[in-house]
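Position 1 is the first residue of the sequence, and the numbers go up from there. Because the structure is a prediction, the values reported are computed rather than measured. As the structure lists them, so they are numbered: ligands from 1, and atoms in each ligand from 1.
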Amino acid sequence: MTEFVLPPPATPSVALAGSTERFAVRRIFCVGRNYAAHAREFGNDERDPPFFFTKPADAVVDSGVEIPYPPLTSNLHYEIELVVAIGKAGFQIAREDALGHVWGYGVGVDLTRRDLQDQAKKAARPWDWSKAFDQSAPCGALVPAAKSGHPDKGRIWLAVNGAVKQEGDLAELIWPIADIVSICSGAVELQPGDLIFTGTPAGVGAVRAGDTISGGVEGIGTIELTIGQPSNA
Ligand code: MN
């Protein structure tokens, strides 16, 4: 048995709907832009191939938590997203085989320090500090694909303090789930435990400390968060 000089870190994980078991998270991939209207609000050609960025696995937090307003930003944005949970390893997966690698689905929020992202874009620097911070990947309970099926349509929405801000449909995904899994697996070998945040519909915006975020995907699940005061050192 390997002996570690310090105790190994806890395994990040996501809840399962209707179960006390949890889904161990290995990596988090996120698609940059995947709904035509959201791509347009950022001035992009909706036919561009998808691109990916990542968050640390331990950025996942459960639905229902309070997330402290993060440091280095005054423009924290929500992005509601369908989350794909990979259950079977695969490298260079063909599109027609891709859904067979999906264990299940969830609803996540890709929290984004938009002001840092804008600065990074202007300076042609990496996005990491804008996307990959502590508690930046809240994800609601997963539902197994065996139960939900593989969604190709369904309402996706997000509300702040009860007012709907984002409203879309999975049918508007520029690159559907099978394409995303296939294309992502062309870059890295996907493994069980990998999550893919599949992009957000139009209507992204800022939240402040004290705001409550709620959202969902029809037939998949919901998520609820509160943004708290900044943590003190
Ligand atoms: Mn996103």
Side-chain angles (χ1 to χ4, degrees), residues 14 25 27-46 48-57 59-61 63 67 70 72-73 75-86 105-121 125-140 142 151 154-160 164-177 179-181 183-184 187-188 194-207 213-217 220-223 225 227:
V14 179
V25 175
R27 294 175 294 189
I28 302 174
F29 301 101
C30 306
V31 180
R33 292 177 195 104
N34 205 16
Y35 290 80
H38 176 64
R40 279 195 296 274
E41 78 186 350
F42 281 80
N44 289 82
D45 186 329
E46 61 194 65
D48 283 348
F51 65 93
F52 296 83
F53 59 90
T54 61
K55 294 181 186 244
V60 285
V61 289
S63 176
I67 297 176
L72 304 184
T73 186
N75 196 18
L76 177 67
H77 273 210
Y78 49 78
E79 298 187 354
I80 190 78
E81 312 207 356
L82 173 73
V83 177
V84 174
I86 299 295
Y105 296 94
V107 180
V109 179
D110 167 16
L111 288 173
T112 302
R113 295 192 279 211
R114 192 73 72 200
D115 38 7
L116 290 194
Q117 189 191 29
D118 291 342
Q119 291 166 23
K121 285 178 183 171
R125 285 181 181 155
W127 282 14
D128 301 47
W129 255 205
S130 67
K131 290 288 195 180
F133 52 92
D134 293 342
Q135 305 186 58
S136 61
C139 187
L142 301 181
R155 180 178 180 240
I156 177 169
W157 59 277
L158 179 142
V160 178
V164 174
K165 303 288 188 182
Q166 290 190 274
E167 177 98 63
D169 195 288
L170 299 182
E172 298 160 10
L173 282 168
I174 297 169
W175 298 93
I177 297 156
D179 291 286
I180 290 299
V181 170
I183 294 167
C184 190
V188 293
D194 289 338
L195 299 181
I196 306 175
F197 281 58
T198 56
T200 198
V204 299
V207 279
I213 294 171
S214 55
V217 176
I220 301 299
T222 58
I223 188 167
L225 306 163
I227 304 299

>> What's the separation between atom CG in L111 and atom CD1 in I213, rounded to the nearest 0.5 Å?
In response: 6.0 Å

> Hey, which N, O or S atom on D110 ends up closest to the Mn ion (ligand 1)?
Replying inline: OD2

> Yes or no on side-chain contact (heavy atoms from CB on, under 4.5 Å) for I177 and I196, after CA distance, side-chain angles and deciding distance?
Replying inline: CA-CA 9 Å; I177 297 156; I196 306 175; over 6 Å; no

> What N/O/S atom of E79 is the closest to the Mn ion (ligand 1)?
Replying inline: OE1

>> Checking one value in my table: which N/O/S atom of E81 lies closest to the Mn ion (ligand 1)?
In response: OE2

>> Is it true that, when you exclude W127 itself, more than 12 heavy atoms of the residues, nucleotides or ligands shown sit nearer than 6.0 Å to its CH2?
In response: yes

>> Checking Y78 now: which residues fulfil ring-ring contact (aromatic ring centres under 6.0 Å, His included) with it, not counting sequence neighbours?
In response: none

